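Treat the numbers as computed from the prediction; the structure is a model and nothing was measured.
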Amino acid sequence: MLQNKIIYLLFLASMILFFILFIDDMSLIILILTIIFPFVQLFFLFSISRNINAVLNTENVTLHRNKESKIIVNIRNKSIFPVSCAVATLKITNTLTGEEQLLTTMMPVSADNEQSIKFSVSYAHCGKINITLKKIKIYDYIKLFSKTIFLNITQEIIVLPSLVKCSPVIETSLMGITENDEFSKIKPGDDCSEVFNIREYSYGDKLNRIHWNLTTKLDNMMVKEYSLPVSSQIIIVFEFCNDNNSEDVFYKNDAAIETAMSLSHFMLTNNISHKLCWFDVHKTLHTEKILSEDDFSAFLGSIFVSGTYNDCFNTFIHHKTENIDQQFSHTIYISPVLSDEIYHNLSVLNNTRKTTYFHIDDAQCEVPDFFKTTETTTAISVPFNALSEGLSKVWI
């Protein structure tokens, strides 16, 4: 636009020189037209700007990482004048990782018409993506002036982590380590305070378990199976921190979420009681019990707005402090960063019977000597792009 202004000023100077050298009506008219021409352009520009609006749409509300999706920008010109050049600016922000990207496109829009433009985009990292149509900048016909129309229209897309196929070994003890009012959904027991199932009588069933009311109604001997108290508590503690020493920091964080999500989904499918624990950028520790698909979905919704942090062991430190009075059968700690101090603290936790340190590694990295499996702690280190292999080593 600066170049056009310079050209105009040179043209104006030449018209002034032409008028001085050739003083007549024609040279005067040309000079006057040259002077008023920018004001005519400004009139058109402001007239058009009052009649411009836009709509932002997305092809998908949710999608997985690296899957292509469309962003559609519709610009409507209600003016009787066409727009020779309109520049739309989009800002794409991942609220989880803090990544930002600007996209711009240039298009003409006919008078009393609508113009659409589609952006094909894909997202490398999971999180909540805010897509904002920040502004539309329109130019006059010779690009001497411009007018910016600020819009700030926003759409959201959730980029989901991938559910990794995993087959950890189930070794959950159903023997009580603490008092609990939860009961197993997969195995009967001897707690008469809760009925697990009612079935037909089989040889050897105790007579005191006969359901007499139902037996009378069905004219068939029915017995009650009592429930088994489940006091085995598993907690998955995972970090979502920035490893500043790694070039693959966002990929490792994606892997941390996918590991926690995959383990949680596996336990939910197999009716294993467990909790998820994570820290957010607002310095809040979240501990959520996962008992249903709704709990699982709520966890995913919460993690997408948590954000990342630079203090790499915030989750572990706050979990250790806030849950000191809680007892767990198994603590699974997932982190993209290794630390001998955290490893030692994890191995001597006095509120858990078993611990697993699941380290999300770079593609090629040597694991230090201190990181090893002991009697109380299982150590697992896997590259961020090979999670399935590591998950198969987890004993739940």
Side-chain angles (χ1 to χ4, degrees), residues 1-61 68-95 100-121 129-157:
M1 198 164 67
L2 178 61
Q3 181 182 358
N4 290 29
K5 289 180 178 179
I6 293 173
I7 293 173
Y8 169 74
L9 291 174
L10 291 175
F11 181 74
L12 178 61
S14 62
M15 289 303 98
I16 293 173
L17 181 61
F18 178 74
F19 174 71
I20 294 173
L21 296 176
F22 302 95
I23 301 177
D24 57 17
D25 292 341
M26 180 60 67
S27 61
L28 178 61
I29 292 172
I30 293 174
L31 178 59
I32 292 172
L33 289 176
T34 303
I35 293 172
I36 66 171
F37 184 73
F39 296 97
V40 175
Q41 294 294 302
L42 277 174
F43 170 77
F44 286 147
L45 184 64
F46 281 95
S47 176
I48 293 170
S49 66
R50 289 194 296 269
N51 293 279
I52 291 287
N53 56 41
V55 176
L56 177 66
N57 290 302
T58 56
E59 188 178 54
N60 305 96
V61 177
E68 192 174 273
S69 179
K70 295 278 193 302
I71 302 173
I72 303 107
V73 178
N74 294 314
I75 299 178
R76 175 71 178 170
N77 177 19
K78 298 180 180 179
S79 165
I80 60 173
F81 305 111
V83 177
S84 62
C85 180
V87 178
T89 301
L90 288 172
K91 183 181 180 181
I92 301 175
T93 305
N94 188 324
T95 59
E100 293 185 354
Q101 180 184 5
L102 286 177
L103 298 177
T104 58
T105 186
M106 186 182 298
M107 69 188 87
V109 186
S110 302
D112 194 21
N113 209 333
E114 185 176 295
Q115 180 67 43
S116 296
I117 186 73
K118 292 183 179 181
F119 297 87
S120 292
V121 294
I129 308 297
N130 285 338
I131 302 169
T132 304
L133 178 57
K134 294 190 68 65
K135 60 186 179 180
I136 295 174
K137 195 172 188 179
I138 59 174
Y139 294 86
D140 67 282
Y141 298 122
I142 60 171
K143 293 187 178 180
L144 282 179
F145 307 106
S146 64
K147 172 69 175 175
T148 301
I149 305 165
F150 294 97
L151 299 168
N152 289 320
I153 303 170
T154 300
Q155 291 283 347
E156 292 182 355
I157 293 178

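How far CZ of F150 is from NZ of K137: 9.0 Å, rounded to the nearest 0.5 Å. Between the CG atom in N77 and the CG atom in N113 there is a gap of 8.0 Å [rounded to 0.5 Å]. For the atom pair CD1 (I35) and CE (M15), the distance works out to 11.5 Å, reported to the nearest 0.5 Å. Note: N74 CG to N53 CG = 10.0 Å, rounded to the nearest 0.5 Å. Atom CG of residue L102 and atom OG1 of residue T93 lie 8.0 Å apart, to the nearest 0.5 angstrom. The CD atom of E68 sits 10.5 Å away from the CG atom of N60 when rounded to the nearest 0.5 Å.
Two residues are said to be in side-chain contact when any heavy atoms from C-beta on lie closer than 4.5 Å; I136 and V73 fail this criterion. A heavy-atom distance below 4.5 Å is found between the side chains of S49 and I138. I157 is listed as a side-chain neighbour of I131, based on a closest heavy-atom distance under 4.5 Å.
The only option from F18, F19, Y8 that meets the side-chain contact (heavy atoms from CB on, under 4.5 Å) definition with T34 turns out to be Y8. Considering V55, V83, I117, V109 in turn, V109 is the only one that fulfils the side-chain contact (heavy atoms from CB on, under 4.5 Å) rule with I75.
A donor-acceptor distance shorter than 3.5 angstrom exists from the side chain of Q155 to the backbone of L56, with no hydrogens or angles considered. Here the side chain of S47 pairs no donor or acceptor atom with the backbone of F44 at under 3.5 angstrom. Side-chain atoms of D140 do not come within 3.5 Å of backbone N or O of L45 as any donor-acceptor pair.
When every heavy atom of P108 is checked against every heavy atom of Q115, the shortest pair comes out as O-CG, 3.5 Å. Between A54 and L133, the shortest heavy-atom distance links the atoms CB-CD2, 3.7 Å. The shortest heavy-atom contact between K134 and K91 is CD-CB, 3.6 Å. Between K5 and L144, the closest heavy-atom pair is CE-O, 2.8 Å. Nearest heavy-atom pair, A111 versus I80, reported as atom, atom and distance to 0.1 Å: CB-O, 3.3 Å. Among all heavy-atom pairs drawn from P82 and I48, the shortest one is O-CD1, 3.4 Å.
With no hydrogens or angles considered, no side-chain donor-acceptor pair links T89 and T104 at under 3.5 Å.
Using bins of under 30°, 30° to 60° and over 60° for the plane-to-plane angle, the ring pair F81/F43 lands in the perpendicular bin.
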Identify every side-chain donor-acceptor pair in residues 25-32 under 3.5 Å, counting partners at least two apart or on other chains, and give the distances.
unit_1 : atom_1 : unit_2 : atom_2 : d
S27    : OG     : F22    : O      : 2.5
S27    : OG     : D24    : N      : 3.2
S27    : OG     : D24    : O      : 3.0
S27    : OG     : D24    : OD1    : 2.8

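Applying the 6.0 Å contact sphere to OH of Y141 captures more than 12 heavy atoms from other residues, nucleotides or ligands.
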